[in-house]
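Working notes for the structure below.
All ligand and atom numbering here is 1-based and tracks the order in the structure. Here, residue 1 is the first one in the sequence, and each next residue gets the next number. Predicted model only: the values in this text are computed from it and were never measured.
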Amino acid sequence: MPEPDTTLPITLDAAHLAPNVTPEMVAAQTARLAGAQETLRNGTGAGADFRGWLDPTAMVDEKTLTDIEDIAADLRENSDTLVVIGIGGSYLGARAVIEALQTAQGAPPVLYAGQNLSARYHADLLQSLEGKRVALNVVSKSGTTTEPAVAFRLLRALVERQTVGAEEAKKRIVATTDAKKGALRTFAGERGYRTLPIADDVGGRYSVLSPVGLLPIAYAGIDIRALRAGAAACAEAAAEPDPRRNPILFYAAARNLLYSQGFAVEILASFEPRLHYLLEWWKQLFGESEGKDHMALYPSSAEYTTDLHSLGQYVQQGRRHLAETFLWVEGADEPPLPLPEGDNADELGYLAGRPLTEINQAAYQATALAHREGGVPNLTLRLPRLDAFTLGFLLYFFERACPISGYLMGVNPFDQPGVEAYKKNMFALLEKPGNANETARLREAVNRVPAGALIRFP
Ligand code: PA5
């Protein structure tokens, strides 16, 4: 047996941050960083009731982990496809991990619903599921979020029709929700669905390593114990107080220094398409955690080399308010895929026989340098490979860096009051009971068109 690789998987490369951010500037933040770490660890900051994810091993005890594995195995036996129904933190983590790691042939597909209100999306999904044995994992902590509740109704009807009735459907539906309260908890109890708990002290965007993420990830055939072990290894490493020896603290300090210098956007960029939803998950984590009180870096993403032929122009030469974080996967486990020999009509003779991994790496190195020289300070988080342990480590890396960064900035990194604004308006427009007194005002407001504001072709 080969020795397990116990090297901690993330290395932060800050070479292209200077002169905006240097190791010395970060070292000068040590006391502030220690303060933010302490605030997080001791629960003395805003949102302290939502730190249940800090210890990934304690968050999901052995019994719950085994329950998750058993339910996943049972669902796999009784279905061809799992649809995860959720929005925001209730689905992005699972999708990030599954789409990054589920490469094995024959693994059952996992699809997603309830993350938008598009009739076409859901109609197409329902149609594609006809004739398949469909399992559902409906995930909602509050149990009242409109998007997943709507999708659950639509999909439940399909499953009940397929299984001929609510009784048989029970075997194919699992609800992940608040342990004690909420509409979904009550409904699941009435219908006799199997349930998994979301702890009070774990908010949606910090829940990927809880039952919220772990059930769909296990269904997809991914090793949830390795994922959790990676997160636990990162949690242990996170205690190092010196930011020059702790990439989590370095990253949190760097983004705050950049913000204080007037940078307004952080682009998380990768050269690996499998990380698309990891980028989406990261945007939600930082966007909902820090984007309040009219502050924070706007979290954006780019997928290279694809976006080098679109957004790349702006990044290189547009407004200079961009900073960038590269996620670079060294690709130890990737297929090298050497370029075949051929005549030189495509002018690629110089690349013949060289692996695609080397060409992609040259593209990454070239981009990081060009962006730095174009005025975009950037750092790189290097990962040796994409596997469950490494990804668990990376997820926890960002989860831990995010509230430290938020506390440095002075915001509550665990609430999301701004999300309510559209909901209140939507409920009033749809005349949800209890909101109807606002309906007239909102209808008037959405239909009001100031003179000259509606522009039509003649
Ligand atoms: O991170 C969060 O807390 C949010 O994105 C929630 O996960 C999202 O709004 C869904 O909420 P719920 O799980 O209550 O349906």
Side-chain angles (χ1 to χ4, degrees), residues 46-54 59 83-97 112-117 122 136-156 173-188 193 195-217 277-292 296 299 301 395-396 398-403 405-406 411-427 432:
D49 290 345
F50 291 94
R51 296 170 308 119
W53 52 274
L54 264 179
M59 175 169 57
V83 184
V84 178
I85 303 171
I87 194 165
S90 288
Y91 98 104
L92 277 168
R95 193 163 195 178
V97 174
Y112 304 88
Q115 80 281 27
N116 63 61
L117 288 167
H122 287 92
L136 304 179
N137 179 204
V138 54
V139 188
S140 178
K141 185 172 183 184
S142 62
T144 51
T145 308
T146 308
E147 292 89 338
V150 164
F152 186 36
R153 248 191 207 221
L154 292 167
L155 283 147
R156 201 169 65 233
I173 298 177
V174 179
T176 308
T177 188
D178 189 283
K180 297 184 205 86
K181 58 183 187 305
L184 182 57
R185 166 64 51 189
T186 309
F187 187 72
Y193 299 148
T195 60
L196 286 166
I198 309 178
D200 283 347
D201 56 2
V202 178
R205 59 192 178 273
Y206 295 87
S207 70
V208 51
L209 299 161
S210 80
V212 168
L214 294 183
L215 179 65
I217 293 169
Y277 274 95
L278 193 280
L279 306 183
E280 296 301 310
W281 172 85
W282 172 88
K283 287 192 284 194
Q284 193 231 352
L285 177 64
F286 279 87
E288 279 196 347
S289 298
E290 290 193 321
K292 44 200 78 159
S301 65
L395 293 166
Y396 190 89
F398 283 131
E399 285 185 346
R400 185 75 177 231
C402 183
S405 175
V411 298
N412 177 350
F414 298 112
D415 67 357
Q416 56 283 330
V419 177
E420 296 310 310
Y422 97 92
K423 288 189 196 170
K424 270 171 51 191
N425 289 354
M426 180 175 76
F427 293 152
K432 181 177 176 177

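Checked against ring pair (Phe, Tyr, Trp, His ring centres under 6.0 Å), Tyr206 has the following partners two or more places apart in sequence or in another chain: Trp53, Phe414. Partners of Ser405 under the side-chain hydrogen bond (donor to acceptor under 3.5 Å, both in side chains) rule, at least two apart in sequence or in another chain, are Arg255, Asn256, Glu290.
In terms of modelled atom types and a separation under 3.5 Å, the side chain of Lys432 and the main chain of Lys424 share no donor-acceptor contact.
The cationic atom of Arg95 (NZ for Lys, CZ for Arg) does not lie both less than 6.0 Å from the six-membered ring centre of Tyr91 and within 45° of the ring axis.
Across every non-hydrogen atom of Leu54 and Tyr396, the tightest pair is O-OH, 2.5 Å.
Applying the salt bridge (charged side-chain N to carboxylate O under 4.0 Å, His left out) rule to pairs touching residues 142-152 yields nothing, sequence neighbours excluded.
Pocket lining of ligand 1, defined as residues with a non-hydrogen atom under 4.0 Å away: Ile87, Gly88, Gly89, Ser90, Ser140, Lys141, Ser142, Thr145, Gly204, Arg205, Gln284, Glu288, Gln416.
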